[in-house]
Amino acid sequence: MNYANMLAVALAEAQTGFDEGGVPVGAALFDADGNLLGRGRNRRVQDNDPSVHGETDAFRKAGRQTHYRDKILVTTLAPCWYCSGLIRQFNIGTVVVGESVNFEGHLDWLKEAGVKVVEMNDPDCIALMSRFIEQSPQLWFEDIGECDCA
């Protein structure tokens, strides 16, 4: 399985999100043979909808599947609790993570549930998210639920 090619799909989505002024997290869902089922990006800002994370967008766009254990979810950033819950709820078998440097996510929780986690440590994913956090720290903290808005 060529995870680098799969990650390129998710990274293109993340870059589009960044260019749109949103949070640059992209994702894609593939079947066991590597066929693309759905792709998406974090569109919380663009759609004014806090539930549209990259992983949930790709998941929705993939449409209904009869099962998910053999599916591969590729994401540019380690999944948050919300997206990790989606992975566990639907028993997605493999998660490919572009990076966990800027956000560690909950990879141990996924591994404990038997999810195969592949960490790519991709320099392009790391650089894009680092740039975003530097340019839009308030939006970043809002996205990860650490907004000091009192």
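The side-chain heavy atoms of Ser100 and Glu119, taken from C-beta on, include a pair separated by under 4.5 Å. Using a 4.5 Å heavy-atom cutoff, the side chains of Asp143 and Asn42 are in contact. With contacts defined as side-chain heavy-atom distances shorter than 4.5 Å, the pair Thr75/Val25 qualifies. Residues Val52 and Asp49 meet the side-chain proximity criterion, which asks for heavy atoms closer than 4.5 Å. Side-chain atoms of Arg60 and Ser51, non-hydrogen and from C-beta on, do get closer than 4.5 Å to each other. Between Asp124 and Ile126 there is no side-chain heavy-atom pair separated by less than 4.5 Å.
Atom CG of Asn48 is surrounded by 12 or fewer heavy atoms from other residues, nucleotides or ligands within 6.0 Å. Heavy-atom contacts from other residues, nucleotides or ligands closer than 6.0 Å to CD of Gln135 number more than 12.
The closest donor-acceptor contact from the side chain of Gln65 to the backbone of Ala62 lies under 3.5 Å. Thr76 places a side-chain N or O within donor-acceptor distance of the main-chain N or O of Gly26, the cut-off being under 3.5 Å. With Ser84 contributing its side chain and Leu110 its backbone, the two residues share no donor-acceptor pair below 3.5 Å.
The side chain to side chain donor-acceptor pair (under 3.5 Å) search around Asn35 returns Asp31, not counting sequence neighbours. Every residue two or more places apart in sequence or in another chain that forms a side chain to side chain donor-acceptor pair (under 3.5 Å) with Glu99 is listed here: Asn102. Listed by chain and residue number, nothing satisfies the side chain to side chain donor-acceptor pair (under 3.5 Å) test with Trp109 (two or more places apart in sequence, or in another chain).
Sorted by first and then second residue, the salt bridge (charged side-chain N to carboxylate O under 4.0 Å, His left out) pairs with a member in residues 61-73 read Asp57-Lys61; sequence neighbours excluded. A ring-ring contact (aromatic ring centres under 6.0 Å, His included) check over residues 33-66, counting only residues at least two apart or in different chains, returns the pairs His53-Tyr82, Phe59-Tyr68, Phe59-Phe90. Listed by first then second residue, pairs satisfying ring-ring contact (aromatic ring centres under 6.0 Å, His included) with a partner in residues 23-50 number zero, not counting sequence neighbours.
Comment: Glu20 engages Arg41 in a salt bridge, judged by a side-chain N to carboxylate O separation of less than 4.0 angstrom.
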